[in-house]
Amino acid sequence: MGVPGETAAGERRVALVPETATKLVAAGLEVSLEAGAGRLAGFRDEAYREVGVELAAEKGALLSAADVVFKVQAPDVQEVGLLKKDALLISFLQPATQGPIIEALARQGVTAFSLELLPRISRAQSMDALSSQGSLAGYKGVLMAANRLGKYFPMLMSAAGTIPPARVLVLGAGVAGLQAIATARRLGAVVEAYDVRPAVKEEVQSLGARFLELELEAQEGEGGYARAQSDEFLQKQRELLTERVSASDVVVTTAAIPGRRAPVLVTGEMVRGMRPGSVIVDLASETGGNCELTELNKVVDVDGVFVDGTGNVPSTVPLHASILYARNVANLFLSLYKDGKVELDFEDDITRGCCVTHGGEIVHERARELMEAAS
């Protein structure tokens, strides 16, 4: 098994931590890590060496010798060219935006698993990297907003008078949204939340937030995610949200539809209707953004309202993000590793659900559709 360092700009996570390395070594694997790969996440080389991991000085030699490779981000073209035929790769592959890489993996004969395609079933919960990383994004997104907002989050009572609490609106109540709600509540804010799926109402209320009720049809899609909406629905939704956005000091947007562009929930007109000093943190910035004015990896000042489009937010919490991600990847791999070898059962929901390339072909129907739609 080989684990290289990440090369994507701003990526501080690593796909293997000493804790999970211990389990993999105990399972009989020879585990190698590119020297320094864990440094930005807070893990020294010595910590890996102490649990039986071999440190490789050169990435090319590590990848060309590995039967199994763990990564966080998709490999680049050069890294793909170094992989063995029949090597097993587990990573976030993002087939909707990384079509040429998926095609290169197929040509190289690599068996590649894409974690964002993992089915949402109970047996796969311990492997669900989208959820583990989304939870961290929701937490950090609120802290980013609190840091930029020129207001106190909780109510403050003093001899000088009372300061009312900040008002926070969270759009999208999936894993990231629920963690954003919980974090904002812990900081003392008054929180409202909206999601197109009525089924999440009780979860939102259990965290102490008010669930915005919009008299519209239920909008839950496959696997518990929100499904794509019609233009007519989205227009009505925006009209109904305008009032709540303008009343908020902070808006945290988390709405995502796997494999598609993020829905625009906050229009430019809504942004301009907010009070100066208000903050929008768009956690969907990497897939186009839930705010019409979001710019990826930039903070835009719109008439005194700050729109934060920071991408890859989980990587700003690299230690815990790496620990959780490494557990997810190791759990997926160990479900495939039996009696000292990898056994692929394409009748199994997990294997069928997230294996993208195998035997020189792109074997995942949905991944192929996403790639075609993006081309």
Side-chain angles (χ1 to χ4, degrees), residues 1-25 27 29-45 47-49 51-56 58-76 78-80 82-84 87-94 98 101 105 110-118 124 126-137 312-337 342 354-356:
M1 174 176 294
V3 181
E6 298 295 321
T7 57
E11 183 56 74
R12 299 171 65 196
R13 292 172 290 181
V14 65
L16 181 74
V17 301
E19 172 196 80
T20 51
T22 302
K23 296 179 182 178
L24 295 167
V25 170
L29 292 151
E30 295 179 9
V31 182
S32 296
L33 176 86
E34 183 180 1
R39 181 178 61 83
L40 293 178
F43 300 100
R44 294 189 175 94
D45 286 348
Y48 290 99
R49 192 180 287 114
V51 296
V53 175
E54 180 182 341
L55 296 172
E58 205 272 312
K59 177 182 292 188
L62 179 145
L63 290 176
S64 61
D67 301 302
V68 178
V69 175
F70 290 174
K71 281 189 95 285
V72 179
Q73 301 286 356
D76 59 30
Q78 183 180 4
E79 289 172 328
V80 171
L82 294 169
L83 295 173
K84 279 183 178 182
L88 175 73
L89 169 69
I90 301 177
S91 176
F92 282 129
L93 293 178
Q94 303 170 8
Q98 298 285 351
I101 296 298
L105 287 166
V110 174
T111 296
F113 283 73
S114 186
L115 285 163
E116 60 267 64
L117 298 175
L118 189 81
S126 67
M127 313 166 193
D128 188 354
L130 275 183
S131 291
S132 71
Q133 304 304 292
S135 180
L136 289 159
N312 194 11
V313 172
S315 189
T316 67
V317 195
L319 190 144
H320 281 145
S322 296
I323 289 172
L324 294 173
Y325 182 83
R327 290 174 184 172
N328 297 144
V329 177
N331 287 335
L332 174 56
F333 173 75
L334 290 173
S335 75
L336 307 171
Y337 186 69
V342 174
C354 61
C355 183
V356 177

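Note that these values count all heavy atoms, side chains included, but never hydrogens, waters or copies made by symmetry. Heads up: numbering here begins at 1 and tracks the sequence.
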Short side-chain to backbone donor-acceptor contact, [X] and [Y], under 3.5 Å:
X: Ser322; Y: Val14; value: yes
X: Glu58; Y: Gly60; value: yes
X: Ser91; Y: Gln73; value: yes
X: Thr20; Y: Val17; value: yes
X: Gln133; Y: Ala321; value: yes
X: Tyr48; Y: Leu16; value: yes
X: Thr316; Y: Asn312; value: no
X: Asp67; Y: Met1; value: no

Original post:
Are Tyr325 and Phe92 near enough that their ring centres are under 6.0 Å apart?
Top reply: yes
Would you give the length of the straight line joining atom [atom1] of [X] to atom [atom2] of [Y], rounded to the nearest 0.5 angstrom?
X: Lys71; Y: Leu89; atom1: NZ; atom2: CG; answer: 8.0 Å
X: Asn328; Y: Ser126; atom1: CG; atom2: OG; answer: 7.5 Å
X: Gln78; Y: Leu83; atom1: CD; atom2: CG; answer: 11.5 Å
X: Arg12; Y: Ser315; atom1: CZ; atom2: OG; answer: 6.5 Å
X: Leu24; Y: Leu334; atom1: CG; atom2: CG; answer: 5.5 Å
X: Leu40; Y: Arg13; atom1: CG; atom2: CZ; answer: 12.5 Å

Would you call [X] and [Y] a side-chain contact if the rule is heavy atoms closer than 4.5 Å?
X: Phe333; Y: Leu29; result: yes
X: Leu324; Y: Arg327; result: yes
X: Leu118; Y: Asp128; result: yes
X: Val68; Y: Tyr337; result: no
X: Pro4; Y: Val69; result: yes
X: Leu105; Y: Leu93; result: yes
X: Phe70; Y: Leu332; result: no

Minimum heavy-atom distance between [X] and [Y], given as atom pair plus value:
X: Ala15; Y: Val72; result: N-CG2, 3.8 Å
X: Leu115; Y: Met127; result: CD2-O, 4.0 Å
X: Val80; Y: Pro75; result: CG2-CG, 3.7 Å
X: Lys84; Y: Val110; result: O-CG2, 3.8 Å
X: Gly36; Y: Asp45; result: N-OD1, 2.9 Å
X: Ser114; Y: Gln94; result: OG-N, 3.8 Å

| said: Does Thr7 form a side chain to side chain contact (heavy atoms under 4.5 Å, CB included) with Lys59? I'd like the steps, not just the answer. | reply: CA-CA 11 Å; Thr7 57; Lys59 177 182 292 188; 3.0 Å; yes
- Item | Full working for side chain to side chain contact (heavy atoms under 4.5 Å, CB included) between Val25 and Val51 | CA-CA 8 Å; Val25 170; Val51 296; 5.8 Å; no
Subject >> side chain to side chain contact (heavy atoms under 4.5 Å, CB included) between Asp76 and Glu79, intermediate numbers included >> reply: CA-CA 5 Å; Asp76 59 30; Glu79 289 172 328; 3.2 Å; yes
